[in-house]
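Quick note: residue numbers are just sequence positions, from 1.
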Amino acid sequence: MSGQLTFDEFGRPFIIIRDQDRQKRLKGIEAHKSHILAAKTVAGVLRTSLGPKGLDKLLVSPDGEVTITNDGATILGQMDVQHQIAKLMVQLSKSQDDEIGDGTTGVVVLAGSLLEQCESLIDKGLHPIRIADGYEMAARVANKKLDEIAESYPVDPANIEPLIQVAMTSLGSKIVNRCHRQFAKIAVEAVLAVADFEKRDVNFELIKVEGKVGGKLEDTQLIRGIIIDKDMSHPQMVKNIENAKVAILTCPFEPPKPKTTHKLDVTSVEDFQKLREYEQKTFQEMIKQVKDTGANLAICQWGFDDEANHLLLSNDLPAVRWVGGPDIELIAIATGGRIVPRFSELSAEKLGNAGKVRELQFGTTKDRMLVIEDCKNTKAVTVFIRGGNKMIIEEAKRSLHDAMCVIRNLVRDNRIVYGGGAPEIACNLAVHEEANKISTLEQYAMRAFADALEAIPMALAENSGLHPIITMTQVRARQATEKNPFLGIDCLEKGTNDMKEQHVLETLIAKKQQINLSTQVVKMILKIDDIRAPDDRMMGE
């Protein structure tokens, strides 16, 4: 903010702020109400996308690209948000996505509900800092309750059925739920293939997700190897190679060039002939070096011209050109080969091994892809998604990513809570009970926090076509009387509210992160009581 210091006739200093007529300012309660309205608006957009019967949103980008999704982070990431506080909600959803990968819708709905509860407390005269402190105390109580109701869950590569149940919960609200179990199994097998159980971590860079328009979602498969969007460099080269020995090259099939700026004058036919012979001899030598190592497939990061291509075909050496850097690295990891920067360094020990290399062709199109499978090292896998159009494939990728994140979280920390709003209701009861023991003003904020937690189960009930308030009160009363923290909203109308029987599962770290992140953001927003911004941009007007 720029200004000028000046003095009145008595020598008292005062500041003249520039562009005051083009500035707008919000202070105190007016600023807080503006923040709360913005957060409620953003949370309201996502509220209908929560749960297994949540609805999708259709987003159109400025250049006309269409996205259909119910993933909270994707919806907010593509919305053109102007309001400063609304942008904080977008970042909140992104933080949940980056850290946990799942629960991005719930965290925004919870934050919006917490701010909504603040409104009545501020109207009662409670200071925003006291409200923030009360929320912090309530979050600690909720975290403690989650630790109490959490259960240890088996993460055993030999028995993947329990993990499939967890992945199915994550996929329940997604577009892929007609291939529910199939996608859950693919997610589990992909994560377990690359998981490091000693370090309790999963490297997602080793899982490649590739999509191709055409076919059905049911045609999606997990390939224990790599798929690259390339084909053989010559149409007459063999399309299937058994027991492939792969030379992975980052050097081009072309004669060496001087490093400095150079110029070559060809003045006669003889000179041209010599140059051609030299090129041919160089190509033959390069191909011989590759063949001598026992390689029967060359994968090259760079291209090569038609002459080199013809000589490769003549020497029965299939080759693939223009393979990108990340794909080259994944092929090297999967086949156990070494990336070779010079032909002179190529040796039999540096070759990769694959049980089978085959070319896939799709329908009546000329699109082809190369599959390298049955690899020596299955630590690199590819999920190959098929679908009727690009939007379905992109949403299937996002859904699969969420499910894989859930399984990764279980590898890191194998404790789970049961979903369906059950943990929120259990925390609601625990916070209410604890609030009665607090003698200070913070007890009002703690009760408001407990009421805000009801937003998740009520949204689940509403999106499932049930009466939200009646359903919520019935389940809460049963939890209190039966002392069963696993009772939640029966969204799928299976006849039981016990989420343990329904196998509706969520990871403990995801649920705790939701509560902690939303509390932190709300606390930060409550501390803002003065905003100055250009008039035309004020509050997204």
Side-chain angles (χ1 to χ4, degrees), residues 50-54 70-72 96-97 99-107 146-147 149-197 200-202 204 207 209 220 222 381 383 396-424 426 456 460 485-492 494 496-514:
L50 193 68
K53 294 192 177 175
N70 72 349
D71 179 65
Q96 177 80 8
D97 194 38
E99 186 65 25
I100 301 296
D102 194 27
T104 53
T105 307
V107 73
L146 287 173
D147 284 328
I149 65 174
E151 291 187 356
S152 190
Y153 204 70
V155 180
D156 181 9
N159 178 23
I160 64 170
E161 185 57 37
L163 295 174
I164 290 173
Q165 297 288 351
V166 180
M168 284 173 74
T169 302
S170 175
L171 293 169
S173 62
K174 309 294 184 185
I175 202 168
V176 299
N177 61 1
R178 68 190 179 96
C179 316
H180 207 165
R181 187 178 175 83
Q182 179 189 350
F183 268 76
K185 190 177 180 185
I186 286 171
V188 171
E189 288 179 348
V191 170
L192 293 181
V194 303
D196 186 335
F197 286 99
R200 298 182 77 85
D201 198 16
V202 177
F204 273 177
I207 303 173
V209 181
T220 299
L222 176 72
V381 296
V383 180
K397 283 183 183 179
R398 286 188 286 269
S399 306
L400 205 61
H401 176 264
D402 284 4
M404 290 193 294
C405 285
V406 169
I407 305 303
R408 178 198 62 184
N409 295 338
L410 274 180
V411 171
R412 287 179 174 175
D413 181 350
N414 68 336
R415 290 176 297 167
I416 56 111
V417 290
Y418 293 92
E424 283 84 2
I456 301 286
L460 288 172
F486 307 144
L487 295 173
I489 308 297
D490 181 17
C491 297
L492 300 174
K494 291 189 175 180
T496 174
N497 288 99
D498 194 324
M499 296 297 117
K500 196 168 184 176
E501 285 181 34
Q502 286 203 26
H503 297 293
V504 178
L505 312 160
E506 292 185 61
T507 55
L508 173 65
I509 55 174
K511 190 55 70 180
K512 285 173 85 169
Q513 185 84 352
Q514 269 189 356

Please identify which of these residues, Thr507, Leu146, Asp147, meets the side chain to side chain contact (heavy atoms under 4.5 Å, CB included) condition with Arg415.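 Result: among Thr507, Leu146, Asp147, Asp147 is the only option passing the side chain to side chain contact (heavy atoms under 4.5 Å, CB included) with Arg415.
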Side chain to side chain contact (heavy atoms under 4.5 Å, CB included), paired with Met404, selected from Ile207, Val188, Asn409: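 When Ile207, Val188, Asn409 are each tested with Met404, the side chain to side chain contact (heavy atoms under 4.5 Å, CB included) holds only for Ile207.
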Hey, does [Y] have a side-chain heavy atom less than 4.5 Å from the side chain of [X]?
| X | Y | answer |
| --- | --- | --- |
| Ile186 | Thr220 | yes |
| Glu501 | Lys494 | no |
| Asp71 | Thr105 | no |
| Ile407 | Val202 | no |
| Arg412 | Asp201 | yes |
| Val166 | Leu410 | yes |
| Ile160 | Glu189 | yes |
| Gln502 | Asp490 | yes |

Can you see whether Phe204 has Arg408 sitting over its ring - NZ or CZ less than 6.0 Å from the centre and within 45° of the normal?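 Yes, Arg408 lies over the aromatic ring of Phe204.
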At what distance, to the nearest 0.5 angstrom, does [atom1] of [X] lie from [atom2] of [Y]?
| X | Y | atom1 | atom2 | answer |
| --- | --- | --- | --- | --- |
| Ile164 | Glu161 | CD1 | CD | 5.0 Å |
| Leu171 | Leu400 | CG | CG | 7.0 Å |
| Lys511 | Gln514 | NZ | CD | 4.5 Å |
| Asp102 | Gln96 | CG | CD | 8.0 Å |
| Leu460 | Ile489 | CG | CD1 | 6.5 Å |
| Lys512 | Leu508 | NZ | CG | 5.0 Å |

Lys185 atom NZ, neighbour heavy-atom count above 12 within 6.0 Å: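 For Lys185, atom NZ is not crowded (no more than 12 foreign heavy atoms under 6.0 Å).
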Identify the heavy atoms of [X] and [Y] that sit nearest to each other, and give their distance.
| X | Y | result |
| --- | --- | --- |
| Leu492 | Pro52 | CD2-CB, 4.0 Å |
| Thr496 | Asp498 | OG1-N, 3.1 Å |
| Val381 | Ala193 | CG1-CB, 3.8 Å |
| Pro485 | Ile149 | CB-CG2, 3.6 Å |
| Leu163 | Pro154 | CD2-O, 4.0 Å |
| Thr104 | Gly72 | OG1-N, 3.3 Å |

Scan side-chain atoms only and decide if Glu151 and Tyr418 contain a donor-acceptor pair under the 3.5 Å cut-off.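 Yes, a side-chain donor-acceptor pair sits under 3.5 Å.
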May I ask you to check whether Asn414 and Ser152 show a side-chain donor-acceptor distance below 3.5 Å?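 Judged by distance alone, the side chains do pair up.
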